[in-house]
**Q** 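The following block contains the structure, expressed as structure tokens.
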Amino acid sequence: MKLVNTLLFVAVMLTALLVVHTQYAARRDFVAIDDAKVALRQIEQDNTRLEVEKRAQATPLRVETLAKERLRMRSTTPAITQYVPAGLVTGVAP
Amino acid sequence: MSSPSIHHSSSPLLASKTPVWRSKLIVALIAVGFASLGVRAAYIQVVNNAFYQKQGEVRFARTLQLPASRGQILDRNDLILASSVVTPSVWAVPDTVEASDDTLKALARLLEIPFTDLKKKLADTDSSFVWLKRQIDQSVAERVTALGIKGIYLRKEYKRKYPEGDAAATVVGSTDTEGKGIEGIELAGEKVLAGVSGRRKVIHDRLGRKVEDVGEPIEPLAGKDLQLSIDSKVQFFAFQKIRDAVIENKAKSGSVVVIDAVTGEVLAAVSYPIHKSNAEGAGTSARRNLAFSDTFEPGSAMKPFAIALALETGRVKPQTVIQTAPGSLVLAGSTIKDAHPHGALTVQEIIQKSSNVGTVKIAMQMPAREMWQVFSSVGFGQKPKLQFPGLATGKLRPYKSWRPIEQATMSYGYGLSASLFQMTRAYTVFATDGRLLPATLSKTEAPAQGERVFSPETALEIRKMLQMAAGPAGTGPKAQTDGFSVGGKSGTAHKQVGKSYADNKYRSWFVGLAPISRPRIVVGVMLDEPSAGRYFGGEVAAPVFSATVAQSLRTMGVHPDLEVKPTITSVAVPESF
């Protein structure tokens, strides 16, 4: 009887310790997942910000200014445009 | 007889007799103590559990608001017109701020606010929260953090960014600092763009780390994106041209509208001048899109509608001759004049030369009711069915109240008013086979059907007349565009000042179609009070029309319908071996 009680006591203690450890591990995993989610949100936000910045760098105003001033380009007109019928475009190497 | 007792020691010296009842009493007291603890535990755990649960949560649980990101506004080619990005804002708990004046001066410089204002905000020690500067750049935030001032904190907020800047500002609109739409599409599309915030309840540990969720978190619902019919390139070029024209002609303002003549989509709607979208404190009127919100008397740009009605009802033919000599006409005591006397003109030439007298002579053959019906059916005096705030209705009085002189003046654009958008959309009846297209600001692929107003034959005849008007002998030759046939009508209307018309204040219009052989776009241009010497619509508005048409059709990949003398030269280069 004494042995059974001792075994039960040890079992209770072990289970209690396991519960505490499991809870600790769960919280540690929770913190890790939460940190990962925060990092994901941060990356998504950075992605959006960079997309907007990229767009701001490619507005028609900036493109036109750079093309005219730096590359000395000019706007096209029908007189300097070679119009190719749509059917002839297929098969052209990129 | 001695009472029962317990001997605690065998030594007679230490032996003392303790009564049994005392030990029983102690056992009973201990039992009562344990029972009290049991009852108390049951009370806490079972009976009053909710209260203690709540108290525990108050100390360790926190509810976090999860802000929802606002949807993007995109142009027809998926390019971003408006997007929300996370930006830091600086706040403080005034009574906990510890910093020297030099450090605070450095902070004021970084935040670009006067030092005195900063001091005033930090002096409000009754408040536990005060914004110092909202929505600053990330680099500035890093420098603020580097100052290491105790009691100053950063918080992330969403800020609306508009990569196209001024060019699209009057269409896209703007939001307030809370991210709520206050102008343009931002306001019109608020329900779609705005997301729904989420909520999350978490348990914090002693170090302030989140360690556990309480219940199921409510995830934020991000706002949906809005794709507009606007083509950002067409919008930009139209903005650029009208801005240059307003400056060159010293006009008060100018607007351009470009509508796809197949789908009814609004490709561009610009007005100038404007304030920057992100500018704080800019008045509502400063940001509104004049093309939608302001109405004016359209002048001669109205003539094609009266002529089209006369053609439709068979009252005249394109070649019918109308005598306009001597260039003036007296009607009900009022004199109607032409800018120049023209003599006998065909109906085609009346549009080409923009004869008021000829138009009035034709219009007075028709009942007022028929004219009113046509004007109404092309959208005048009706609020446009467009998802945009501040749309003007314009003025078109019921025909029963028209006096003969008013019927006459309305035929050439006085006595009624319309916005540039209404005017441009009305011209879709000539760009199609006589159907008025339903305009939209949302991207759509399918060709619009629209309601028939005129027959295809009438629409074709008017297109020919509009082409003549934009030709060498017309009133708008400057509308001509290299490689593309165009047609359109200029308008120059005296501005009403008080109860009469000002002699030296005008509004100049040009509304037209291109390519005239198979219209793809309808373009309307309006300049308010050009004051640099020239004021005729054909002089100041037609060149903007021409430039806008050229750029728009090129952007849309439309093939020229006119012979163009190629200037492409190829130089033979010796082959290298």
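Just so it is clear, the structure is predicted and the values come from calculations on it, not from any experiment. Naming: A, B, ... by sequence-line order, numbering from 1 per chain.
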**Q** Are the side chains of B:Val85 and A:Glu53 in contact, using a 4.5 Å heavy-atom criterion?
**A**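 Counting from C-beta outward, A:Glu53 and B:Val85 never come under 4.5 Å.
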
**Q** Might you confirm whether atom NZ of B:Lys241 has over 12 heavy atoms from other residues, nucleotides or ligands at distances under 6.0 Å?
**A**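 Counting neighbours around NZ of B:Lys241, more than 12 heavy atoms of other residues, nucleotides or ligands fall under 6.0 Å, so yes.
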
**Q** Is it the case that more than 12 heavy atoms not belonging to B:Lys224 sit under 6.0 Å from its NZ atom?
**A**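 Counting neighbours around NZ of B:Lys224, 12 or fewer heavy atoms of other residues, nucleotides or ligands fall under 6.0 Å, so no.
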
**Q** Looking only at heavy atoms, what is the nearest atom pair of A:Val52 and B:Pro163, with distance?
**A**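 Minimum heavy-atom contact is CG1-CG, 4.0 Å.
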
**Q** Please flag which part of A:Gln42 lies under 4.5 Å from any non-hydrogen atom of chain B: side chain, backbone, both or neither.
**A**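 Side chain only.
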
**Q** So what's closer than 4.5 Å to chain A heavy atoms on B:Phe239: side chain, backbone, both or neither?
**A**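 Looking at B:Phe239, nothing touches chain A.
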
**Q** Any chance CE of A:Met73 has more than 12 other-residue heavy atoms, nucleotides or ligands included, within less than 6.0 Å?
**A**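 Counting neighbours around CE of A:Met73, 12 or fewer heavy atoms of other residues, nucleotides or ligands fall under 6.0 Å, so no.
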
**Q** How long is the span from the CD atom in A:Glu64 to the CD atom in B:Gln551, to the nearest 0.5 Å?
**A**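 The distance works out to 7.0 Å.
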
**Q** Measure the OG1-CD distance between B:Thr87 and A:Gln45 for me, rounded to the nearest 0.5 Å.
**A**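 Between atom OG1 of B:Thr87 and atom CD of A:Gln45 there are 10.0 Å.
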
**Q** By a 4.5 Å heavy-atom criterion (distance strictly below it), what part of B:Gln240 contacts chain A: side chain, backbone, both, or neither?
**A**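 The answer is the side chain of B:Gln240.
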
**Q** For A:Leu61 and B:Phe236, what are the C-alpha separation, side-chain angles and deciding distance, and is it a side-chain contact (heavy atoms from CB on, under 4.5 Å)?
**A** CA-CA 7 Å; A:Leu61 173 64; B:Phe236 165 72; 3.4 Å; yes

**Q** Quick check: do B:Glu164 and A:Pro60 have side-chain heavy atoms less than 4.5 Å from each other?
**A**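 Side-chain contact under 4.5 Å: yes.
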
**Q** Flag the pair B:Asp75 and A:Arg55 as a salt bridge only when some basic side-chain nitrogen lies within less than 4.0 angstrom of an acidic carboxylate oxygen.
**A**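 A:Arg55 and B:Asp75: not salt-bridged.
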
**Q** Which bit of B:Gln138 comes within less than 4.5 Å of chain A, counting heavy atoms only: side chain, backbone, both or neither?
**A**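 Contact with chain A: none, neither part.
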
**Q** Contact part of B:Ser232 toward chain A, heavy-atom cut-off under 4.5 Å: side chain, backbone, both or neither?
**A**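 The answer is both parts of B:Ser232.
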
**Q** Which pair of heavy atoms, one from B:Ser83 and one from A:Thr48, lies closest together, and at what distance?
**A**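 The answer is OG-CG2, 3.5 Å.
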
**Q** Atom CG of A:Asp34 and atom CD of B:Glu212: how far apart are they, to the nearest 0.5 Å?
**A**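 Between A:Asp34 CG and B:Glu212 CD, I get 12.5 Å after rounding to 0.5 Å.
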
**Q** Which pair of non-hydrogen atoms, one from A:Val31 and one from B:Lys210, has the smallest distance, and what is that distance?
**A**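 A:Val31 and B:Lys210 have their closest heavy atoms at CG2-O, 3.2 Å.
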
